[in-house]
Amino acid sequence: MPDLATPLIAWYRESARDLPWRDPNFGAWGILVSEFMLQQTPVARVIPRLEAWLERWPSPAALAEASPGAAVEQWANLGYPRRALWLHKAAVQITEQHGGVVPRDVDALLALSGIGDYTARAVAVFAYGDRHPVVDTNTRRVLARALDAQSQPDPPSTRDLTAMAAILPESEERAAIVNAAAMELGAVVCTARSANCEACPIAHICAWRDAGYPDTGDRRRRQATYAGSDRQARGAVLQHLRSAPDHESALEAVAATWPDSLQRDRAIDSLIADGLAEASEGMLRLPR
DNA sequence: GACCCGTGGTA
DNA sequence: TTACCAAGGGT
């Protein structure tokens with residue numbers, strides 16, 4: 001096993017981006033919110049929304065006092081609005097079950113709404129400095145290339161945690177940096193579209209590079225077309241409710257947000273089923 | 001494991 | 001222009 005940790009740490013200290021949540025004083029709550037927002041949403045779109053969110057709700061207790069609909073409204077156009085609902089629920093859980101303090105224990109974090117393998121360990125490591133493997137899609141790609149000579153990673157698996165744990169240094173502080181560095185490398189140098197090996201600190205020990213960049217294929221599913229999809233219909237209805245006075249609107253007005261009535265009704269029903277909207281007396285509104 | 005869930009930037 | 005891509009998680 002080549003030593004990836006040493007060059008990754010040196011490179012990270014030299015060239016990591018200066019992101020808000022990397023400020024040592026950012027706090028566990030801010031980091032937790034940032035991780036929710038960063039789930040499938042690019043960094044550049046998260047930064048302004050994160051600042052606004054934390055200004056409005058500077059603690060889990062503050063968010064817990066708000067309505068779920070307020071969270072959905074504040075989420076704005078970050079996408080996957082269920083995350084706003086999950087984050088609100090997590091804030092309630094933290095307030096009621098953890099005295100308003102973001103938990104440090106991975107299992108306690110995993111028990112919170114909207115938190116899975118990645119987010120739980122990201123909070124434990126980046127907010128509290130504990131030693132765990134943190135694996136996101138960037139890390140999986142970096143390890144797949146550097147260690148397995150694959151152009152793209154296999155689908156997510158618990159094996160990923162084992163693989164990442166194997167390259168972590170003993171030191172908690174250095175382990176945290178290696179976690180962050182693997183993600184950073186995948187985000188800015190060894191990306192899905194291209195591998196900028198001239199800028200890569202581990203190019204000299206990269207199995208994929210050594211093998212001549214073979215296309216080993218990947219089993220990722222093609223992303224469904226968004227235009228005209230149910231997802232777009234849901235987004236149109238929800239965007240309408242976000243901007244409506246008191247976040248509620250008559251069903252006739254909602255109807256104007258999407259031309260296909262069958263698809264529109266399906267969107268409304270699924271939004272209600274997901275808790276993203278409520279219907280009563282001919283009105284549709286964000287949940288109160 | 002398969003499938004679902006938003007939105008906007010980019011090549 | 002179309003398709004890919006983005007710090008995942010729940011069911």
Side-chain angles (χ1 to χ4, degrees), chain A residues 12 16-17 19-22 26 30-50 72 75-87 89-90 109-127 132-143 152-161 164 176 179-188 190-194 218-242 257-258 266-267 269-271 273-277:
Chain A
Y12 185 85
R17 292 168 295 175
L19 300 173
W21 44 90
R22 289 179 176 164
F26 202 67
I31 288 176
L32 179 67
V33 175
S34 77
E35 295 297 351
F36 266 86
M37 291 184 169
L38 288 164
Q39 290 168 5
Q40 300 286 280
T41 300
V43 165
R45 287 175 54 201
V46 163
I47 290 175
R49 296 275 103 220
L50 174 63
V72 173
W75 194 258
N77 62 342
L78 287 175
Y80 292 136
R82 289 190 293 189
R83 289 183 291 160
L85 238 35
W86 292 336
L87 177 54
K89 186 172 178 182
L109 286 160
L110 283 170
L112 298 176
S113 160
I115 293 192
D117 282 329
Y118 165 75
T119 305
R121 289 171 179 78
V123 170
V125 170
F126 302 135
H132 303 283
V134 180
V135 178
D136 75 337
T137 186
N138 290 309
T139 296
R140 290 193 300 109
R141 182 174 55 254
V142 166
L143 294 183
Q152 299 291 341
D154 294 329
S157 152
T158 53
R159 292 190 306 272
D160 304 329
L161 293 175
M164 189 60 194
N179 278 313
M183 293 167 59
E184 181 78 356
L185 189 65
V188 304
C190 193
T191 66
R193 288 185 195 273
S194 69
D218 71 80
R219 288 178 279 288
R220 289 174 300 177
R221 241 167 37 100
R222 228 179 109 253
Q223 194 163 321
T225 302
Y226 183 61
S229 67
D230 282 9
R231 295 160 88 165
Q232 190 181 29
R234 281 167 55 105
V237 171
L238 208 55
Q239 185 172 43
H240 173 72
L241 292 183
R242 270 195 226 100
T257 61
W258 195 260
R266 198 158 61 230
D269 288 345
S270 71
L271 286 170
D274 287 347
L276 284 163

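We use all heavy atoms of the structure for the numbers below, so side chains are in, but hydrogens, waters and symmetry mates are not. Since this is a predicted model, take the numbers as computed values, not measurements.
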Novice: Taking the basic N atoms (NZ, or NE/NH1/NH2) and the acidic carboxylate oxygens, is any pair closer than 4.0 Å for Asp230(A) and Arg234(A)?
Specialist: no

Novice: Quick one: on DNA chain C, does Pro42(A) or Trp86(A) contact a more 5' nucleotide (nearest heavy atom)?
Specialist: Pro42(A)

Novice: Taking the side chain as everything from C-beta on, heavy atoms only, tell me whether Glu184(A) gets closer than 4.5 Å to Arg22(A).
Specialist: yes

Novice: What's the spacing between Asp117(A) CG and Leu161(A) CG if we round to 0.5 Å?
Specialist: 5.5 Å

Novice: In whole Å, what is the span from the CZ atom of Arg121(A) to the P atom of dG8(C)?
Specialist: 15 Å

Novice: Looking at Arg45(A) and dT7(B), is any side-chain donor or acceptor paired with a base atom of the opposite kind under 3.5 Å?
Specialist: yes

Novice: In whole angstroms, how far is the C1' atom of dA2(B) from the CG atom of Asp154(A)?
Specialist: 16 Å

Novice: Heavy atoms only, 4.0 Å cut-off, all strands: where does Trp21(A) land among base, sugar-phosphate and nothing?
Specialist: base

Novice: Once you apply a heavy-atom cut-off of 4.0 Å, does Gly79(A) come out as touching a base, just sugar-phosphate, or nothing?
Specialist: base

Novice: Between Arg222(A) and Asn138(A), who's closer to the 5' end of DNA chain C by nearest nucleotide?
Specialist: Arg222(A)

Novice: With a non-hydrogen cut-off below 4.0 angstrom, is Ala192(A) in contact with a base, only sugar-phosphate, or nothing?
Specialist: sugar-phosphate

Novice: What I want to check is whether an N or O donor and acceptor connect the side chain of Ser229(A) with the base of dG6(B) at under 3.5 Å.
Specialist: no

Novice: Which nucleotide in the list dA6(C), dA7(C), dG8(C) gets nearest to the side chain of Gln223(A)?
Specialist: dA6(C)

Novice: Expressed as a whole number of angstroms, how long is the span from Leu87(A):CG to dA7(C):C1'?
Specialist: 15 Å

Novice: Starting at NE2 of His240(A) and ending at P of dG6(B), how long is that distance when rounded to a whole Å?
Specialist: 17 Å

Novice: Using a heavy-atom cut-off of under 4.0 Å over every strand shown, decide if Phe36(A) touches base, sugar-phosphate, or nothing.
Specialist: nothing

Novice: Side chain of Thr41(A), heavy atoms from C-beta onward: which of dA7(C), dC4(B), dG6(B) has the nearest atom to it?
Specialist: dG6(B)

Novice: Side chains of Leu87(A) and Arg83(A): closer than 4.5 Å at any heavy-atom pair?
Specialist: no

Novice: Is Thr119(A) touching bases, backbone alone, or none of the nucleic acid, heavy atoms closer than 4.0 Å?
Specialist: sugar-phosphate

Novice: Over all strands shown, is Thr139(A) touching base, sugar-phosphate only, or nothing at heavy-atom distances under 4.0 angstrom?
Specialist: nothing

Novice: Could you check Tyr226(A) against Pro156(A) and say which one's nearest nucleotide on DNA chain B is further toward the 5' end?
Specialist: Pro156(A)

Novice: Given side chains that start at C-beta, do those of Tyr118(A) and Leu38(A) come closer than 4.5 Å, heavy atoms only?
Specialist: no

Novice: For a quick test of reading the model: is some side-chain N or O of Arg231(A) closer than 4.0 Å to OP1 or OP2 of dC4(B)?
Specialist: no

Novice: When the P atoms of dC4(B) and dA7(C) are considered, how many whole Å apart are they?
Specialist: 23 Å

Novice: Is there a side-chain hydrogen bond (donor to acceptor under 3.5 Å, both in side chains) between Ser157(A) and Asp160(A) once you walk through the steps?
Specialist: CA-CA 6 Å; Ser157(A) 152; Asp160(A) 304 329; 5.0 Å; no

Novice: Answer with base, sugar-phosphate or nothing: what part of the nucleic acid does Arg242(A) contact at a heavy-atom distance below 4.0 Å?
Specialist: sugar-phosphate

Novice: Expressed in whole Å, how much space separates the C1' atoms belonging to dG1(B) and dG9(C)?
Specialist: 14 Å

Novice: What's the gap between dC4(C) and dG6(B) when it is taken at their C1' atoms, as a whole Å value?
Specialist: 15 Å

Novice: So if I take every side-chain heavy atom of Gln39(A) and compare against dG8(C), dA7(C), dC4(B), which nucleotide ends up nearest?
Specialist: dG8(C)

Novice: Under 4.0 Å between a side-chain N/O of Asn77(A) and OP1 or OP2 of dG8(B), yes or no?
Specialist: yes

Novice: In this structure, how many angstroms lie between the C1' atom of dA6(C) and the CD atom of Glu35(A), rounded?
Specialist: 14 Å

Novice: What nucleic acid atoms does Ile115(A) come within less than 4.0 Å of, heavy atoms only: base, sugar-phosphate, or nothing?
Specialist: sugar-phosphate

Novice: At less than 3.5 Å, do the side-chain atoms of Arg193(A) and the base atoms of dC4(C) form a donor-acceptor pair?
Specialist: yes

Novice: Any side-chain N or O of Gln40(A) below 4.0 angstrom from OP1/OP2 of dG8(C)?
Specialist: yes

Novice: So, is Arg82(A) close to the dC4(B) phosphate, meaning a side-chain N or O under 4.0 Å from OP1 or OP2?
Specialist: no

Novice: Can you tell if the side chain of Leu238(A) reaches within under 4.5 Å of the side chain of Trp75(A), non-hydrogen atoms only?
Specialist: no

Novice: Could you tell me how far apart Arg49(A) (CZ) and dT7(B) (P) are, to the nearest whole angstrom?
Specialist: 13 Å

Novice: Rounding to an integer number of Å, can you tell me how far Leu238(A) CG sits from dT7(B) P?
Specialist: 7 Å

Novice: Hey, does Asp117(A) reach any base, or is it just sugar-phosphate, or nothing, if we go heavy atoms under 4.0 Å?
Specialist: sugar-phosphate

Novice: Taking C-beta and beyond as the side chain, do Leu109(A) and Thr119(A) meet within less than 4.5 Å on heavy atoms?
Specialist: no

Novice: For the pair made of CE in Met37(A) and P in dT7(B), what is the distance, rounded to whole Å?
Specialist: 15 Å

Novice: Roughly how far apart, to the nearest Å, are dG8(B) and dG10(C) at atom P?
Specialist: 24 Å

Novice: OP1 or OP2 of dG9(C) versus the side-chain N and O atoms of Tyr118(A): is any pair under 4.0 Å?
Specialist: no

